[in-house]
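Read the structure below first, then the notes.
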Amino acid sequence: MKMLSHLFKVSLLSILASIAVANVPVSTLPHSSAVPGGVAVIPTGKNAINGSYKDHPILLANYQGEQYAIIGISLSTEVGEEDFTLNLPNGENVILRFQVEAKTYTEQHLTITNNRQVNPNTEDMVRINRERSEMDNAFSSWDDSLVPIFEMYPPVDGVRSSSFGLKRFFNGQARNPHSGMDIAADEGAPIYAPAPGKILATGNYFFNGNTIILDHGHGLISLYCHMNTIDVEVGALVNTGDQIGKVGQTGRVTGPHLHWSINLNNTRVDPALFLAD
Ligand SMILES: [Zn+2]
């Protein structure tokens, strides 16, 4: 029996290791902001091989010889203590905790002239649900071959709003909070990769319009929406500053802009935390 449990532990560990190899050496860390919609940057004091938070693998980075867990906190997280698990090289698990502080997000009221984009019909809902699961799959992607860069450049020259996290009302009706940063720019303005990565998916989505999903590695994934044109193919490797598309107004919009979002451990977090100072 003892033998059996030992074997089980080993095979489980090798499965976990194949899902998420961690402790990637990095040259920068994101700004730490342990609030709903923020990113907790936590020194682990360990040398874990991988870890998880709310059933998603987490990014573990080695920065200047120390391991940090870099965890995205969802907008719906309550203030209080949160747990995450680390798997150590000796097969042991440890649970670490961090404190989520309060952050208040205000309301935003928008008027959309196409009512179907506020109250989609049955056919639209089939499409929306399919697209939601496609995007959820993409955001759950884990690529060990890419080294995440946390110091990003703004993807568009334009007016950056601080609209992340706003409680949204479309035509007076409450909808999901705003999960990205809107950057206003003219239709056709170039959109650049803010950091190196691999094009994970492209598509035309009901709400997001022409969209690119860019994988930066280890669960750090960015999203570009409402584009006029998509100028890259799935699978392409891009460098910081490479043009990936142009600003447009496809999908649910009130005017031309880029909706940019950053995902960590399949959680939408504030892109401002990743912008170089
Ligand atoms: Zn937006």
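Ligands are counted one by one from 1 in listed order, and the atoms in each one are counted from 1 as well.
What you find for V26 and P148 is that their closest heavy atoms are CG1-O, 3.9 Å.
Within a radius of less than 2.8 Å around the Zn ion (ligand 1), the protein N, O or S atoms are H178 NE2, D182 OD1, H259 ND1.
For the pair S32 (side chain) and V41 (backbone), a donor-acceptor distance under 3.5 Å is present. Remark: the backbone N or O of D231 is not paired with any side-chain donor or acceptor of Q243 at under 3.5 angstrom.
When the shell of 6.0 Å around CD of Q99 is examined, it contains more than 12 heavy atoms from other residues, nucleotides or ligands. Crowding of N62 atom CG: a count of heavy atoms from other residues, nucleotides or ligands under 6.0 Å exceeding 12.
Residues passing the salt bridge (charged side-chain N to carboxylate O under 4.0 Å, His left out) test with D182 are R168, sequence neighbours excluded.
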